[in-house]
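Single-structure report; data block below.
Just so it is clear, the model here is predicted, and its values are computed rather than measured. First the proteins, then the strands, lettered A, B, ... as listed; each starts at 1.
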2 protein chains.
Amino acid sequence: MNHYPLNKDPFKETFGSLENLVDKISDVLQCPVTIEDANHRLLAYSSHEGQSDKARVDTIIARRVPEKVINSLWRAGIIPKLNQSNDPVRISEINDIGLGDRVATAIVSKNGILGYIWVLEIDKRLSEEQFSLLKQAAQTAKNQLLQVQVRKKKKQEGHQELFWQILTGHLKSHEEIKEKIEQFGLPPSLPASVIIFQFKDEITPKIESHISYMVTTTQQLRITFFVISRHELILLGSPLQGSEDKSATVNFIEDFISQMGKRFKVNNIQGACGSSYDTYEKVEKSYHEAITVLNIKNQFPQEVGDTYSYQQLGIYRYLEVLLKKKQEDGYENATLKKLGEYDGINKTQLLETLEIYLNNDSNVNDAAKELHIHTNTLIYRLKRIVEIADIDLKNPNQKMTLYLDIKLNKLI
Amino acid sequence: MNHYPLNKDPFKETFGSLENLVDKISDVLQCPVTIEDANHRLLAYSSHEGQSDKARVDTIIARRVPEKVINSLWRAGIIPKLNQSNDPVRISEINDIGLGDRVATAIVSKNGILGYIWVLEIDKRLSEEQFSLLKQAAQTAKNQLLQVQVRKKKKQEGHQELFWQILTGHLKSHEEIKEKIEQFGLPPSLPASVIIFQFKDEITPKIESHISYMVTTTQQLRITFFVISRHELILLGSPLQGSEDKSATVNFIEDFISQMGKRFKVNNIQGACGSSYDTYEKVEKSYHEAITVLNIKNQFPQEVGDTYSYQQLGIYRYLEVLLKKKQEDGYENATLKKLGEYDGINKTQLLETLEIYLNNDSNVNDAAKELHIHTNTLIYRLKRIVEIADIDLKNPNQKMTLYLDIKLNKLI
DNA sequence: AGTGCGTTTGTAGAATTACACAAACGCACT
DNA sequence: AGTGCGTTTGTGTAATTCTACAAACGCACT
């Protein structure tokens, strides 16, 4: 086993590539070593002949750390610990994801995390000295990564401009867009849908880096593009071929929102997506659909708060059209008008009662609970409503009309 | 008591007016006498000082026979009997409408009924001779009425042309239309709505006379205009001030259809009406609404078969707009598609099951009955549907979306 | 304070609906 | 003919909803 003196830095020489560096580290520490970027994408791995654990193999195969592993590392508090610590951190094995004992360190520049170095402890634990060596290795890796960073940033700016052109319909034809995307060396990924996240507060550079992390680490969707404007994050995402589950996009949205909260304490994010289309020219449409979803979610937080996709909106997709038609017709629901008048005179809440009853799929128990009243009170009120408004609550057409008209009235 | 010899016709002289004639008849028969036209509108009544029954008084006050009385006479089979008989007919009292014993005869020309003469039998019954005299009186009345008929016909043709102009939007401004209507001496009657009846078979002159009868005898609505084209009868009707009930128009439609069937054996009539508006310029709109109702009723006979007004259409009013939006969006309900495919492969009827379940307001019993299956079968199918289509049948938004999309699919 | 009206809550039995399970059926496939 | 799958029907029980009725409350009006 080689021994390097502490006072001499074995990583002082220049390494042509990260591969050389990782081999050197592996050589010095006598362990399998992996370097990944800030988003857990594999940058280099040592060709050490010894054993590897499952997590490492999977990472190398996929050229990125599996999302399951990332999630697990977050849950165990390891990633935050790495990000905050200046020194290497020892991580005990996590069996269910095939992660053996290891030591890791973040590669940090003054602008934040650039990546991580992972060292597997197959047969023996690293010594204090070796911890120190690893820290020096991270210093050297930093310089290499900074160069990559700049190149990537420039590239991304080009992507963003292209994405805006697609979103705004500046580029119309599918062929044209496809060509441009290929020019950028981006993988073709269709069908695709546009996803928008709306942040309550302005997106700071810090949040931006969190977003970038989330977007690149997710493996639920392939994110071809993403751009950030003041309060919004807009993505173009495609479901992976593996998951034929159509709800991949919706799952991604839910996870993104929940993890931004849990991991980075960034809350109050609204998410929405348009439909999935198989040609690029329809991306613009998907974008507008996503905007519609956001608008409707803002207008009807209770009704469609847990809904993210344009498809899921159901009847709410039609509200705008219906409102327009209603105004053209000069239509007013006589029933609701009567109830409203009655409410005004008698200080009752028949309208609200009816709405919540309908919201709850005509279930008296659920509706009564939501209204905080006795079931019989609700039944009594419903009888009153039927009398006053002269309606039939067993007639689906009437019920739907009432439901829609109630919601439409809220729009004005 | 005067006695006129049988062989001498006391009505041979010329009478300047119907009033003179009616007084003469009353004088000859020594009874109160009333003459009305074919539509039971009062033409003349004797000023005989004696008693009268309630029906006669009401008729004179309203200048027409009350609808209740007409209905009662039809129910008792008296009107048809009068229309078919060449001789006067004796009618026994009908207490609940205040109709005392009387004798009546139709006034008939070769083109049909022109009117009726009613003779009250207050103290004594008419003799055979007097029957004969009454028959002669009817002959004389006929000539007078024929002249009136011609004048009325001409007037009506003028009305019809005006009505068409209003319906087709040829006359746009309210003021202009109002003026024209006043020129015709027609009563101003607003709010008004357009009513259309669609006849399965072509409207023959005979049916036309029945229509005319129905339209002029009804007292549920004031019918300002009516025109007849090949298969259609179009009316402009206003609710009477007395009945503030908004469903007067709908009631009229229902009664019209049922009575055309019962009284004249004219069946297969579809009826519909537009909304009520208070300016004449909106009559055109009401007309188009009525047409829409008819179209939708033809497309959804089951769903809105018992619905007549544009308002009652509820959600079906929106179908056209929704279809348009749907086509613009290129939207297809994935759920329904899946179910349809499943039905195709497994020869099941999940789609139909779902539709009828939703039609029946999610009531398993009613739906099972309509489907002629066991309740548990329905429950089983619903579970399948939920599985296959991945939907939540407790979510009103989803349910409404499914309902609407099912109906929309039927439109194509 | 009393009266009347509309409203709310409670109780209890009847009617419906939900759920689990077993049996049998039809049909395609071998 | 047997097997498996999806479907249909029947049974029994638990849960829920409907219904009617009684009691009490809040509030305006007198």
Side-chain angles (χ1 to χ4, degrees), chain A residues 334-400 402-403 406, chain B residues 334-400 402-403 406:
Chain A
T335 300
L336 296 180
K337 197 177 165 192
K338 269 189 208 159
L339 288 179
E341 284 165 1
Y342 189 91
D343 274 356
I345 294 169
N346 298 53
K347 281 159 199 161
T348 46
Q349 300 102 282
L350 297 188
L351 260 182
E352 187 201 359
T353 304
L354 179 59
E355 176 175 8
I356 290 180
Y357 174 71
L358 294 176
N359 280 348
N360 284 281
D361 194 40
S362 306
N363 182 308
V364 273
N365 270 319
D366 297 351
K369 264 177 211 153
E370 191 176 333
L371 285 162
H372 306 295
I373 57 172
H374 193 273
T375 317
N376 284 2
T377 307
L378 175 56
I379 291 175
Y380 170 77
R381 285 190 190 168
L382 289 173
K383 272 184 195 154
R384 272 348 300 286
I385 290 172
V386 167
E387 273 175 34
I388 294 168
D390 190 30
I391 52 177
D392 174 12
L393 287 180
K394 301 265 172 185
N395 180 323
N397 183 12
Q398 287 195 25
K399 274 171 42 173
M400 287 165 55
L402 287 171
Y403 183 90
I406 288 172
Chain B
T335 301
L336 295 180
K337 197 179 166 191
K338 269 190 206 157
L339 288 180
E341 283 164 1
Y342 190 92
D343 274 354
I345 295 168
N346 297 51
K347 281 161 198 158
T348 45
Q349 301 102 284
L350 296 188
L351 260 182
E352 188 201 359
T353 304
L354 179 59
E355 177 175 7
I356 290 179
Y357 174 71
L358 293 176
N359 281 348
N360 284 279
D361 195 39
S362 306
N363 183 308
V364 272
N365 270 319
D366 297 351
K369 264 176 211 154
E370 190 176 333
L371 285 162
H372 306 294
I373 58 173
H374 193 271
T375 318
N376 285 2
T377 307
L378 175 56
I379 291 176
Y380 170 77
R381 285 191 190 169
L382 288 174
K383 274 185 194 153
R384 273 343 308 281
I385 290 172
V386 166
E387 272 175 34
I388 294 168
D390 189 31
I391 52 175
D392 173 13
L393 286 181
K394 301 265 173 187
N395 180 323
N397 184 11
Q398 287 195 26
K399 275 173 37 174
M400 285 165 56
L402 288 170
Y403 182 90
I406 288 172

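Across C/dG6, C/dT9, D/dG6, the shortest atom-to-atom separation from the side chain of A/I373 is found for C/dT9. For A/H374, whose side chain is taken as the heavy atoms from C-beta onward, the closest listed nucleotide among C/dT7, C/dA18, C/dG10 is C/dG10.
Residues passing the side-chain hydrogen bond (donor to acceptor under 3.5 Å, both in side chains) test with B/R384 are B/Y342, B/E387, sequence neighbours excluded. With sequence neighbours left out, B/N363 forms a side-chain contact (heavy atoms from CB on, under 4.5 Å) with B/N365, B/D366. Shown here are the side-chain contact (heavy atoms from CB on, under 4.5 Å) partners of B/D361, two or more places apart in sequence or in another chain: A/K394, A/P396, A/K399. Partners of B/K337 by side-chain contact (heavy atoms from CB on, under 4.5 Å), not counting sequence neighbours, listed by chain and number: B/E332, B/E341. Qualifying side-chain hydrogen bond (donor to acceptor under 3.5 Å, both in side chains) partners for B/D392, counting only residues two or more places apart in sequence or in other chains: none. Residues forming a side-chain hydrogen bond (donor to acceptor under 3.5 Å, both in side chains) with B/D390 (at least two apart in sequence, or on another chain): none.
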Task: Letter per nucleotide, 5' to 3', of nucleotides 25-30 of chain D [B base touched, S only sugar-phosphate touched, - untouched; heavy atoms, 4.0 Å] - done: ------
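Pairs of residues two or more places apart, or lying in two chains, that qualify as salt bridge (Lys or Arg N to Asp or Glu O under 4.0 Å) and include a residue from residues 344-360 of chain B are B/E355-B/K407, B/E355-B/K410.
Looking at DNA chain D, the stems built from 3 or more consecutive Watson-Crick or G-U wobble pairs, each pair with its key distances under 3.5 Å, are C:1-30 with D:1-30.
Remark: C1' of C/dG6 and CD of A/Q349 are 13 Å apart, rounded to the nearest angstrom.
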Expected list for residues 367-377 of chain B: side-chain donor-acceptor pairs under 3.5 angstrom, two or more places apart:
unit_1, atom_1, unit_2, atom_2, d
B/E370, OE1, B/N360, ND2, 2.9
B/H374, ND1, B/N376, N, 3.0

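Across residues 376-398 of chain A, A/N376, A/I379 each have a non-hydrogen atom less than 4.0 Å from an atom of DNA chain D (numbered order).
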